[in-house]
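Just below is one structure, and these are the notes that go with it.
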Amino acid sequence: MTSCPACQRPLPENALRCGDCNGRGRPAEYLTLPGLRLSSPMFSFDPHAHGIGGWLILVLLGLVASPVLLCRIIWTDFHSLTGPNHRFIGIHVPGLPALVGFELFANVSLVAILLLLLFFFFREDRRFPRLFQFWLGVSLVARMAEYTLSLRIGFHAGWEGAQQTLAGLHGKLALDVFQGLVAAVVWIWYFQVSHRVKATFVR
């Protein structure tokens, strides 16, 4: 008696295909939801699969969460520039309002790109992979520019907390640059080699 080359189950006499797996290596009754038969499970991590699943789920979570986080930063920056302490900060830490203004402009621009990315993502538009990689690059450049500008900011000795405030700012922006660099390297590489990305964004 011969066996199925896919699932190794014994084949009935004169049978050309396995009745259990139909030559695909898995039972025909493979289910992902009750009463629903699919050739592959929903949100499969198969690198050769297509559709919004696998590691693209992490991309989707990032696209949804990033605008919320950036809008919070935008509100904080806007309040810093228009609040009651903006003149005090401008006097004792010259250049800080300009840095905050640059961060505000950069974050508003990044949110606009993110909204466009979400639109392309759900349409499975072929422009999404390139635009996503562009967004990663722009985000990294913006973070590096903020860090570079922060190094050029001086302070007046009249405010005791100025030096400590700048030290904390430098540390935060340096961490942002590192995180942006890691994200850019990992996700740009993934979008370049992923079979799922190439099979999904084809419209």
Side-chain angles (χ1 to χ4, degrees), residues 55-192 197 201:
W55 294 108
L56 286 179
I57 296 297
L58 297 181
V59 176
L60 175 60
L61 293 176
L63 290 176
V64 173
S66 293
V68 177
L69 298 175
L70 287 177
C71 285
R72 182 179 179 183
I73 297 175
I74 288 172
W75 169 252
T76 301
D77 290 342
F78 179 79
H79 181 73
S80 298
L81 292 176
T82 60
N85 294 327
H86 75 281
R87 292 184 178 179
F88 175 82
I89 296 175
I91 293 174
H92 292 280
V93 190
L96 184 58
L99 175 62
V100 174
F102 174 80
E103 183 181 64
L104 179 62
F105 172 78
N107 287 336
V108 169
S109 301
L110 291 175
V111 168
I113 298 176
L114 281 168
L115 296 178
L116 185 61
L117 279 170
L118 279 170
F119 176 75
F120 284 159
F121 182 86
F122 286 112
R123 284 178 55 88
E124 298 182 357
D125 194 296
R126 68 178 62 189
R127 290 170 289 186
F128 174 80
R130 289 188 178 182
L131 183 60
F132 184 76
Q133 294 173 72
F134 171 77
W135 176 78
L136 289 172
V138 170
S139 178
L140 176 60
V141 170
R143 296 182 185 192
M144 294 175 64
E146 289 179 33
Y147 178 71
T148 302
L149 290 174
S150 71
L151 296 177
R152 302 175 65 88
I153 295 177
F155 64 93
H156 290 167
W159 182 26
E160 296 180 357
Q163 186 173 4
Q164 183 177 359
T165 299
L166 284 179
L169 179 63
H170 294 159
K172 175 184 176 300
L173 292 179
L175 180 61
D176 287 345
V177 171
F178 176 75
Q179 292 175 341
L181 178 61
V182 172
V185 170
V186 170
W187 289 113
I188 289 177
W189 172 82
Y190 169 74
F191 271 76
Q192 290 293 327
V197 170
F201 300 100

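One-based numbering along the sequence shown.
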Using side-chain heavy atoms (C-beta onward) and a distance below 4.5 Å, is [X] in contact with [Y]?
X      : Y      : result
Asp77  : Phe102 : no
Leu63  : Val59  : yes
Phe122 : Leu60  : yes
Tyr147 : Asp176 : no
Phe201 : Leu56  : yes
Ile113 : Phe132 : no

**Request:** Decide yes or no on side-chain contact (heavy atoms from CB on, under 4.5 Å) for Tyr190 and Leu58, but give the supporting numbers first.
**Result:** CA-CA 12 Å; Tyr190 169 74; Leu58 297 181; over 6 Å; no
Nearest 0.5 angstrom please: [X] [atom1] to [Y] [atom2], how far?
X      : Y      : atom1 : atom2 : answer
Gln179 : Arg143 : CD    : CZ    : 6.5 Å
Asn107 : Ile74  : CG    : CD1   : 5.5 Å
Arg126 : Leu131 : CZ    : CG    : 15.0 Å

**Message:** Could you check whether any side-chain N or O of Ser139 sits under 3.5 Å from a backbone N or O of Trp135, counting only pairs where one atom can act as donor and the other as acceptor?
**Reply:** no
Atom of [X], atom of [Y] and distance for their closest heavy-atom approach:
X      : Y      : answer
Glu146 : Glu103 : OE1-OE2, 3.1 Å
Pro67  : Gly62  : CD-O, 4.4 Å
Gly180 : Leu140 : C-CD1, 3.8 Å
Leu99  : Ser150 : CD2-CB, 3.9 Å
Ser66  : Leu114 : CB-CD1, 3.6 Å

**Message:** Which residues pass the side-chain hydrogen bond (donor to acceptor under 3.5 Å, both in side chains) test with Glu124, not counting sequence neighbours?
**Reply:** none
**Request:** Identify, with sequence neighbours excluded, every residue that meets salt bridge (charged side-chain N to carboxylate O under 4.0 Å, His left out) alongside Arg127.
**Result:** Asp125
**Prompt:** After noting the C-alpha distance and the side-chain angles of Phe191 and Ile188, does the key distance pass the side-chain contact (heavy atoms from CB on, under 4.5 Å) rule?
**Reply:** CA-CA 5 Å; Phe191 271 76; Ile188 289 177; 6.0 Å; no
